[in-house]
2 protein chains.
Amino acid sequence: MARRRQAVTIRHVAEDAGVSLQTVSRVINKEPNVRPAMKERVQASIDRLGYVPSIAAQRMSGSRSYLILAINDREKTIAEWRGRSGTDWVDQMLLGGMLTCDEHGYRMMVELVDTHSDHVERELSATIAALQPDGVILTPPHSENPLITGLLAKRHIPFARIGSLDPGPGIRLTMDDEHSAAMATEKLVSLGHRRIGFIAGPDDYSLSGWRVTGWRAAMEFAGLPTDGLCEKGDFGFETGLEAANKLLDLEDRPTAIIASSDQMTLAVLEAARDRNLKVPQDLSVISFDNTPVVRFTDPPLTAVDQPIAETISRAVELLIMAPKSPLPLEPINVQGQLIERGSIGPAPGANDA
Amino acid sequence: MARRRQAVTIRHVAEDAGVSLQTVSRVINKEPNVRPAMKERVQASIDRLGYVPSIAAQRMSGSRSYLILAINDREKTIAEWRGRSGTDWVDQMLLGGMLTCDEHGYRMMVELVDTHSDHVERELSATIAALQPDGVILTPPHSENPLITGLLAKRHIPFARIGSLDPGPGIRLTMDDEHSAAMATEKLVSLGHRRIGFIAGPDDYSLSGWRVTGWRAAMEFAGLPTDGLCEKGDFGFETGLEAANKLLDLEDRPTAIIASSDQMTLAVLEAARDRNLKVPQDLSVISFDNTPVVRFTDPPLTAVDQPIAETISRAVELLIMAPKSPLPLEPINVQGQLIERGSIGPAPGANDA
DNA sequence: TACCAATTTGCAGACGATCCCGATAAGGGG
DNA sequence: CCCCTTATCGGGATCGTCTGCAAATTGGTA
């Protein structure tokens, strides 16, 4: 096959407009110090010839790659794909990220990286060298991996850490997990529940901790006990089931459970069914994530919506602006929302407050 | 910020190994005519320095971009994202595409393109010029857009058309829609159903037609009528509901319905509920797609699984091999599978066959 | 031993855009 | 009207890799 060359280059445009390459370049990059008349003339040539700059060449000559890289956990993502349990993170990342990138003439690429592997550093390092992105978005649990953050910081590549409050380099964006958990808890308290169980996520996600903190704070504020009411899972169905069983087998069984992911909440529904507990009459349930499945369960789940798309969108904007405006040092909180559906109701035996 | 340069270039490797740039290049690209000893020496330097070639520079010098572009319909994809109805196409494309790309050292990028727009051609053309991908994957309905296929053919960019049997340039890969529809129909016939309705997809997807053909053929083979039993939707919920209503309001109501998408099948469930028809006792239902939601409906849906991931994976492999081996002219069929769940049962009033 | 062909290696140029810096043109105060 | 500052524009080098061709090496044969 014949070697493929660029159809229209900056040179053609320059000739057509009768100006230098430099001037065309300035117009493309919207640089100042170009007279309006000149700018118009060049733009006309660009439009007429249908010229589009080659990103490869732009990157080569030391400028931007117009590429934002989004890093996801390989193992987790593939498991979700294979199991067809829905990959809401990827979906919502793409929604928020791609659309925002589009607006600014950038592209987003998703890259899967192994979390639990010795060569995370090499793997990512190679990707960076090959692609040379202008910015990187780290999703949990990568956002808390010091090897990764260290590597990016060393290379001076702007990056965003989603869902992490740990101090360190990079922009931090969270979905205010503490507040969200408190909000869910308060809702249940207001419905008269006094024993509210919580199923936390794994420890290597710091947001797991923040959610527990929010729940505990709201419980204590309401003067309610928390001892023995917090179990732990890994966001997946199986561990969620174990945790749910433990909570529902307690002598003084909770009348409501909040679980840190939709999959774990599905497990709670299953555990309740096994015990002939009706949701929401005997047990109220609130979930985290609000992925598509929660609308189709029986009953549909009340859930804390994680505004992933919006968060990623904010991250993209900040990264794109990075060369010009300094990155915010303080974490940015994007507020979650409690989407009410049929899985919660008044506490059994509680009169109207 | 300081201009970012490549950390380790081919030049460093060449110096380190004491050879010319050329030789290093040959080793990287696995070209013949390099003595084993030399190859080993260069490879050692590459490993030691952690060298990774810059894709931008590779593309610049006229070789590959190691990039496969997957084109999806913007409007449809965004609507699915926003509505959180599940975007199985994007998900499964990424699953099949990214993993296969990874294996070959390629990357996949998803690009959203407006289907119903005058400037499809310009939009795509600009993307091609900017990214210069080594291959393009077109999903329906883009796979049948002559403007797009013509453009790619003219630029000599290898491309794959998913879900289209139309003659023309490019590799064609289908999920054997005709056979799948026939398979679903036969299943219902074997359960004793005699009036089997079909809800087709929109006309601008040629696969819609093939599915109808498969259904009609299976019906006629069984000596069953088809008149008035085929309605049409646009794959979405609302039009699916209209179609379902029409079928269920027929004087001689069908006892089974096959719908061409999961969303339309959800609408069938809704329409059945409105009329107090029990699924599967009064009405059997089979869906197309098998997206994650179908496991959570009541009852879970029997569905024709669309092997999107596998199909895209095949497409990627063929595109990557394109420069060396010629592209197959005949369409490639990837067989779908009928996943049986609770939404089908024997026809009401039919004794065991 | 000498010679020719095939294999292996190196040199210079190209790819398309940007960056640095110098040259020219425009504008403003004395 | 002149000079100096600032806004505009252009020339040449550069980025990292590959392609085309020439040079050097190897190996086998007459």
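So you know, we letter chains A, B, ... as the sequences are listed, proteins then strands, and number each from 1.
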- [ ] Taking only the side-chain heavy atoms of B:S63 (C-beta and beyond), determine which of D:dT19, D:dA7, C:dC15 contains the nearest atom.
- [x]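 Comparing D:dT19, D:dA7, C:dC15 against the side chain of B:S63, the answer is D:dT19.
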Task: Per B:S20 side chain, nearest of listed nucleotides D:dT17, C:dG10, D:dC9 - done: C:dG10
Would you tell me if any nitrogen or oxygen in the side chain of [X] comes within less than 4.0 Å of OP1 or OP2 on [N]?
X: B:Q58; N: D:dC18; value: yes
X: A:N33; N: D:dT8; value: yes
X: A:S61; N: D:dT14; value: no
X: B:Y51; N: D:dT17; value: yes

Task: Worked verdict on A:C101 versus A:M98 for side-chain contact (heavy atoms from CB on, under 4.5 Å) - done: CA-CA 5 Å; A:C101 280; A:M98 282 184 58; 5.6 Å; no
Atom pair distance, as rounded to whole Å: [atom1] in [X] and [atom2] in [N]:
X: B:E31; N: D:dT19; atom1: CD; atom2: P; result: 7 Å
X: A:R35; N: C:dT24; atom1: CZ; atom2: P; result: 16 Å
X: B:N29; N: D:dG20; atom1: CG; atom2: P; result: 13 Å
X: A:I10; N: D:dG10; atom1: CD1; atom2: P; result: 12 Å
X: A:R11; N: D:dG12; atom1: CZ; atom2: C1'; result: 12 Å
X: A:I55; N: C:dG16; atom1: CD1; atom2: C1'; result: 13 Å
X: A:M60; N: D:dC15; atom1: CE; atom2: P; result: 9 Å
X: B:I46; N: D:dT17; atom1: CD1; atom2: C1'; result: 13 Å

TODO: Mark yes or no for a side-chain to base donor-acceptor pair under 3.5 Å between A:R59 and C:dG16, with no hydrogen or angle criteria applied.
DONE: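 No, the side chain and the base share no sub-3.5 Å donor-acceptor pair.
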Open item on the list: Using a heavy-atom cut-off of 4.0 Å across all strands, would you classify B:V34 as base, sugar-phosphate, or nothing?
Closed with: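 The residue B:V34 makes sugar-phosphate contact but no base contact.
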- [ ] Give A:Q22 one of three labels, base, sugar-phosphate or nothing, depending on what nucleic acid heavy atoms sit under 4.0 Å from its own.
- [x] base
Task: Toward the 5' end of DNA chain D, by each residue's nearest nucleotide, B:I28 or A:V19 - done: A:V19
Open item on the list: Which is more 5' along DNA chain D, the nucleotide nearest A:K39 or the one nearest B:S54? Just name the residue.
Closed with: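 The 5'-side residue here is A:K39.
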Task: Inter-residue atom distance A:I71.CD1 - A:I148.CD1, 0.5 Å rounding - done: 7.0 Å
- [ ] Using the closest heavy atom to pick a nucleotide of DNA chain C for each, name whichever of A:L21 or A:R26 lands nearer the 5' end.
- [x]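 So the residue in question is A:L21.
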Open item on the list: So if I apply the side chain to side chain contact (heavy atoms under 4.5 Å, CB included) rule between A:N72 and each of A:T139, A:I137, A:V113, which one comes out positive?
Closed with: A:T139
TODO: Could you verify whether a donor N or O on one side chain and an acceptor N or O on the other, from B:S164 and B:E144, lie under 3.5 Å apart?
DONE: yes
Task: Check: B:Q132/A:S54 side-chain N/O donor and acceptor closer than 3.5 Å - done: yes
